[in-house]
There are 2 protein chains.
Amino acid sequence: MVNLADVAHQAHVSKMTVSRVINHPEKVSTEVRTAVMAAIELIGYQPNRIAKALVNHQNYVIQFLVLEDVVTVEPNYAILLLHLADVLNQKGYTLEISTTITDNDHIDGIIVSGWRQSDLLALEALRVPVVLYGESPTDHDMAYVDVDNRIGTMLATRHMINAGYQKIIYVGMDVDLPFSNERELGYLDTMVAKKRVSRVYTVANHSHIAEQLIHNIMAQLPKNTGIVCATDRIALGVVRALNKKNGVPEQYGVIGFDGVFIDQISSPQLTTVHQPFAKIAQSLVDNLFLQLQNSELVMQRIAPELIRRDTTRA
Amino acid sequence: MVNLADVAHQAHVSKMTVSRVINHPEKVSTEVRTAVMAAIELIGYQPNRIAKALVNHQNYVIQFLVLEDVVTVEPNYAILLLHLADVLNQKGYTLEISTTITDNDHIDGIIVSGWRQSDLLALEALRVPVVLYGESPTDHDMAYVDVDNRIGTMLATRHMINAGYQKIIYVGMDVDLPFSNERELGYLDTMVAKKRVSRVYTVANHSHIAEQLIHNIMAQLPKNTGIVCATDRIALGVVRALNKKNGVPEQYGVIGFDGVFIDQISSPQLTTVHQPFAKIAQSLVDNLFLQLQNSELVMQRIAPELIRRDTTRA
DNA sequence: TAAAAAGATGTTACCGTTAACAGCTCGTTG
DNA sequence: CAACGAGCTGTTAACGGTAACATCTTTTTA
């Protein structure tokens, strides 16, 4: 309701001076500046984003594109979303949600999650800057932010070793995307470094399928085995198959990956590699703004954190 | 990039005529209208939302306020959010996410979820229209849209009776909010109508606590008992406590409420009362626009649907 | 100490759209 | 057939900001 003209009148200066105080304060004398700031404070002026947008040819809107199937939508995205909204609000930007790739001209940039390989071409073709959540394949030169997946499973595997589990296996997921491959490598590298024999199983990312797998391979799981899982979903199924009766965490250790929601509703609660979503959100936004300003493409990996709960022994 | 002036030039008319074709087509002659529409089509004009917003004193932004604690955020909200975004995009509106109540002037309306009793005063004080997701208490006269909670547990209870479970109990949640009370009433009413003896337990909405409850009261749960639960979270704990070995669904039936995510990762998968989020999102938006146009406060209840899965017998 | 440069503030025009009003054409009416 | 009104289209000004330029004052410089 209050606008630049009101402030200008209150401070006995022109609109332009007020605008300068806000955008280029160094170009205004100290006395005038403090007077204007006092006036702004007094009448409670807040800049009109719409008018600013019109004259600057910007929209102050960033789109969050959720390409994952809505039905199976991971709670991860909800958490990331809320953090993104916070970070952007602080910069005076609005976060818009979308589930389809469309070449709008009412947005300034896009943050994408849940993408598949097949989406990347369409994303590269867009006229606005794009940042992926999740490492992009090497044949696409796209900015991304991801948790450091390899370090994540490395932490998990090391923790298994330190906790004294003898045999340590990995249950990965059957998608050929960098994050998935990286998680597997984190396990494999650590096992090689520690001179252990590694064993990898692969399943679809569903608790029931993981549960079934464990039942099928139970004969090959001696007591004192640690099971590093590619996701909390898989870990949930593994824990369900093993169960307290079979001795989780005493006889079998289980570690998941993601640390959102699922880890908490599991029983016992999952030891898991937690993605620091607040940091990831901040990085995604910073990365996008960097691209807006310098057209600079940056790839970033954020270190994850192992959260020790009840599916591994101390 | 293309603007009204470009279309006007292409169609040999004034900008105003083009604007009219878009906003008040009945005020333009048929020939001119078709010519202008052809021009719009030809050069691919899309109205500039920002400029429109400036002149109309609207923002074309609706805020989705998630007041639930971020850490425990229910996947429900994520689903609702995605549906809301779709509905609003179709109307040319942007959905903005926020987690705190602030009296912005860059939004046109608010849809609130996860609110508590203590938030309502602050919400009523806002200058923009507000619609609640979830029935408001009778002492607050606020527009809301909710699933019909009473019918939901009624469906669940009836289904238990039809499936032949002898004893039927209800595990509710320990919050004093209308949705929670309504769910309990749906159970109680049905039990009275069918001349059954009802029994209500109350727990916090966490799977582990529900699991513990079942262990504690196991002695009072004869075989052939049906357990109607206030949420899928509670149902998840109940199922875990009972388990296939104890005979879910043959000896014990369990029904949850919500039908998002949790019902699917449970084992066996939950029979549940599903909230139709697409419909709810549509209603929330319609309701909000009604308020924007006529200042009319409307309360709406959307019928839920029972989804039969593996925690009740056929 | 006069001219040039630097500093501070104001004026104008514009971003893309629409409401309000003005103007033109044509048909109706007394 | 002059006056009037209905129907259609165009002109102007405004929404709330900001860049570019203009103007005025002060400082620097030769």
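FYI, side chains are in, hydrogens and waters are out, and symmetry mates aren't considered; it's all heavy atoms of this structure. Protein chains get the first letters and strands the later ones, always in sequence-line order, with residue 1 at the start of each. Values in this document were obtained by computation on a predicted structure and should not be read as measured data.
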Whole-Å distance, B/Glu31 CD to C/dT25 C1', equals 14 Å
Would you indicate whether the side-chain heavy atoms of B/Glu182 and B/Asp146 approach each other to under 4.5 Å?
no
Give me the distances for all protein-to-nucleotides 5-10 of chain D N/O pairs that come in under 3.5 Å?
residue: D/dT9; atom: OP1; partner: B/Ser29; partner atom: OG; Å: 2.9
residue: D/dT9; atom: OP2; partner: B/Ser29; partner atom: N; Å: 3.0
residue: D/dG10; atom: OP2; partner: B/Ser14; partner atom: N; Å: 3.0
residue: D/dG10; atom: OP2; partner: B/Ser14; partner atom: OG; Å: 3.1
residue: D/dG10; atom: OP2; partner: B/Thr17; partner atom: OG1; Å: 2.6
residue: D/dG10; atom: O6; partner: B/Arg20; partner atom: NH2; Å: 2.3

Can you list every pair that meets side-chain hydrogen bond (donor to acceptor under 3.5 Å, both in side chains) and has a residue in residues 53-62 of chain B, with sequence neighbours left out?
B/Asn56-B/Tyr60, B/Gln58-B/Tyr93, B/Asn59-B/Asp108
Please output the side-chain donor-acceptor pairs of residues 28-42 of chain B that fall under 3.5 Å, not counting sequence neighbours, one pair per line with the distance.
residue: B/Arg33; atom: NH2; partner: B/Val28; partner atom: O; Å: 3.4
residue: B/Thr34; atom: OG1; partner: B/Thr30; partner atom: O; Å: 3.2
residue: B/Thr34; atom: OG1; partner: B/Glu31; partner atom: O; Å: 2.8

Whole-Å distance separating the CG atom of B/Leu4 from the P atom of C/dC15
13 Å
Counting only side-chain nitrogens and oxygens, does A/Asn3 get under 4.0 Å of the OP1 or OP2 atom of D/dG16?
yes
Atom pair distance, as rounded to whole Å: CD1 in B/Ile22 and C1' in C/dG16:
11 Å
Rounded distance in Å - CZ (A/Arg49) to P (D/dT18)
14 Å
Hey, is NE2 on A/His9 packed in by over 12 heavy atoms from elsewhere, all under 6.0 Å?
no
Does B/Asn23 have a side-chain nitrogen or oxygen under 4.0 Å from the phosphate oxygens OP1 or OP2 of C/dT18?
yes
Any B/His24 side-chain nitrogen or oxygen under 4.0 Å from OP1 or OP2 of C/dA19:
yes
Could you state the CG-P distance from B/Asn59 to C/dT17, rounded to the nearest angstrom?
17 Å
For the pair made of CG in A/Leu54 and C1' in C/dC14, what is the distance, rounded to whole Å?
9 Å
Can you tell me if CD on A/Gln46 sees more than 12 non-hydrogen neighbours from other groups inside 6.0 Å?
no
Phosphate oxygens OP1/OP2 of D/dG17: is one of them under 4.0 Å from a side-chain N or O of A/Tyr45?
yes
Using a cut-off of strictly less than 4.0 Å, decide whether A/Ser19 has a side-chain nitrogen or oxygen near OP1 or OP2 of D/dG17.
no
Please report the distance, rounded to the nearest Å, between CG in B/Asn48 and C1' in C/dC14.
14 Å
Whole Å only: how far is the NE2 atom of A/His57 from the C1' atom of C/dT17?
14 Å
I'd like to know if the side chain of B/Asn287 pairs up with that of B/Gln300 as donor and acceptor (distance under 3.5 Å, no hydrogens or angles considered).
yes
Answer yes or no: is there a donor N or O on one side and an acceptor on the other, between the side chain of B/Asp119 and the main chain of B/Arg116, under 3.5 Å?
yes
